Each structure stands twice: as structure tokens, then as C-alpha cells.
Amino acid sequence: MNETDTLTIIKPDAFGSGKAGHIIAHLESAGFRVVAAAVKHLSRDEAQAFYAVHRERPFFASLVEFMTSGPCMPIILRRENAVPELRTVIGATDPAEADEGTVRALFAESKERNAIHASDSAENAEIEISFFFAGTERLPG
Ligand code: ATP
Ligand code: MG
């Protein structure tokens, strides 16, 4: 078995409305295991750094506002082919376009308040995991 790790974040909308447990159960049913987890209220600097790739986008200021509006839950998830499998399980950015049964179709409020983040490449997964977790916090493979 060739398992890999990816990063998810249960965003402040979903965490604040008590959906974290439902979302984790959904991800476990889809074959992912939690190998590290935290609850964290991002600072402005942290949210801007995490989404730095979007800093020129018109929605950047609003995204930072949203991501700092309350605590969120960063989680390292492990399974075979974790990065693409998680992107499939979370669904499209806009819940109106997300496939039925995906996390965003089930739990997201809007294109911005869309319940969950997932890394978009293996390289970004390791960068994003290091953003939130020290090496010792992740269960060994
Ligand atoms: P994420 O990176 O959080 O997993 P994603 O990869 O599906 O989401 P991105 O294009 O990377 O989507 O956008 C990052 C986040 O910025 C989105 O998840 C959403 O919260 C917000 N966002 C993206 N596009 C818009 C938009 N047009 N209007 C408002 N918010 C947006
Ligand atoms: Mg993205």
C-alpha cells in the first residue's frame, strides 16, 4: 500500500456551526485516516500567508476576513492517492457546482464560506502540513 498525506482545514463556517464531527466522519467513510489534528484561530498574517497565492485576487481581503473570523481545524489526512482523492471528495469550490454527496455540496454555505480546504498538489500538501504541524505531531507512516 502506498499511502500519502494531505492537508485539510475545516473552515470557520463549518467549525463554528458544529459540523466538524460530521465532516470528519464523512472523510473517514471515504477512506481517510486522521494522523494529526488541531484547533487554531488564524491571525491575519497567518491567513494572508496561507492563501498568499491568491493575494492579487479581488476576493482576497474577504477570504482573509472569513478565515480569521473564528477557529478552524487543520487536519493531516492519510490514504492511498490522498491529494487527488480528497479534492474529489470535497467537490467544486462553489457548492452550487459541487457534485452531490461531496463535502461542499453537503456542508458549504457559499463559494467563499465553503466549509473545507484541501491541498491541490503533493508539493503544496507538504508545504501546508509544515505550515500547521511540527514533524513530531504527525503519526509515523
Ligand atoms: P481551497 O484552496 O480553500 O481548498 P479551492 O482550491 O477549491 O479552495 P481556490 O481557488 O484555491 O479554491 O480559492 C481559495 C478559497 O478562496 C476558496 O475555497 C474560497 O473560500 C475562496 N474563493 C475562491 N474563489 C472565490 C470567489 N470568486 N469569491 C469568493 N471567495 C472565493
Ligand atoms: Mg486552493
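Quick note: numbers below take in every heavy atom, side chains included, and nothing from hydrogens, waters or symmetry partners. None of the values given here were measured: they were computed from a predicted structure. The chain is numbered in sequence order, starting from 1. Whatever order the structure lists ligands and atoms in, that order sets their numbers, starting from 1.
- Counting only heavy atoms of the protein, atom 1 (P) of ligand 1 lies nearest to His117 ND1, 3.1 Å.
- Checked for salt-bridge contact, Glu46 and Lys40 meet the test: a charged N lies under 4.0 Å from a carboxylate O.
- In terms of protein heavy-atom proximity, atom 19 (C) of ligand 1 is closest to Lys111 O, 3.3 Å.
- With a 4.0 Å cut-off on non-hydrogen atoms, Glu128 does not touch ligand 1 at all.
- For ligand 1, the polar-atom distance check against Glu112 finds a nitrogen or oxygen pair separated by under 3.5 Å.
- The proximity of Arg87 to ligand 1, defined as any non-hydrogen pair under 4.0 Å, is limited to the side chain.
- For atom 10 (O) of ligand 1, the nearest protein heavy atom (residue, atom name, distance) is His54 CE1, 3.7 Å.
- Looking at atom 28 (N) of ligand 1, its nearest protein heavy atom turns out to be Phe59 CB, 3.8 Å.
- At a heavy-atom distance under 4.0 Å, no atom of Phe66 approaches ligand 1.
- Closest protein heavy atom to atom 8 (O) of ligand 1: Arg104 NH2, 3.2 Å.
- Per-residue contacts place Thr93 under 4.0 angstrom from the following atoms of ligand 1 (heavy atoms of the residue considered): 5 (P), 7 (O), 12 (O), 17 (C), 18 (O).
- A donor-acceptor distance shorter than 3.5 angstrom exists from the side chain of Arg104 to the backbone of Ile116, with no hydrogens or angles considered.
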- request: Mind running side-chain hydrogen bond (donor to acceptor under 3.5 Å, both in side chains) on Ser62 and Glu112 for me, showing each step along the way?
  value: CA-CA 8 Å; Ser62 177; Glu112 178 175 83; 2.5 Å; yes
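- A salt bridge is defined here as a Lys NZ or Arg NE, NH1 or NH2 lying under 4.0 Å from an Asp or Glu carboxylate O, and Glu3 with Arg33 meets this definition.
- For Asp94, the CG atom counts as densely surrounded, since its 6.0 Å shell holds more than 12 non-hydrogen atoms of other residues, nucleotides or ligands.
- A cation-pi arrangement is not found for Arg55 relative to Phe60, the charged atom failing to lie both closer than 6.0 Å to the ring centre and inside a 45° cone about the ring normal.
- Using a 4.0 Å cut-off to heavy atoms of Lys11, the atoms of ligand 1 that qualify are 3 (O), 17 (C), 18 (O), 20 (O).
- In this structure, Asp5 pairs ionically with Arg138, as a charged nitrogen and a carboxylate oxygen lie closer than 4.0 Å.
- Counting only heavy atoms of the protein, atom 3 (O) of ligand 1 lies nearest to Tyr51 OH, 2.6 Å.
- Below 30°, between 30° and 60°, or above 60°: for Phe132 and Phe50 the angle between ring planes is between 30° and 60°, a tilted geometry.
- Given atom 21 (C) of ligand 1, the protein heavy atom at minimum distance is Leu63 CD1, 3.8 Å.
- Distance alone, capped at 3.5 Å, places no donor-acceptor pair between the Thr102 side chain and the Ala98 backbone.
- Shown in contact with Ala118 at under 4.0 Å from a heavy atom are these atoms of ligand 1, numbered in order with element: 4 (O).
- Numbered from 1 in the order shown, with element, the atoms of ligand 1 that lie under 4.0 Å from a heavy atom of Asn114 read 17 (C), 18 (O), 19 (C), 20 (O).
- Nearest heavy atoms, Val83 versus Ser119: CG1-O, 3.7 Å.
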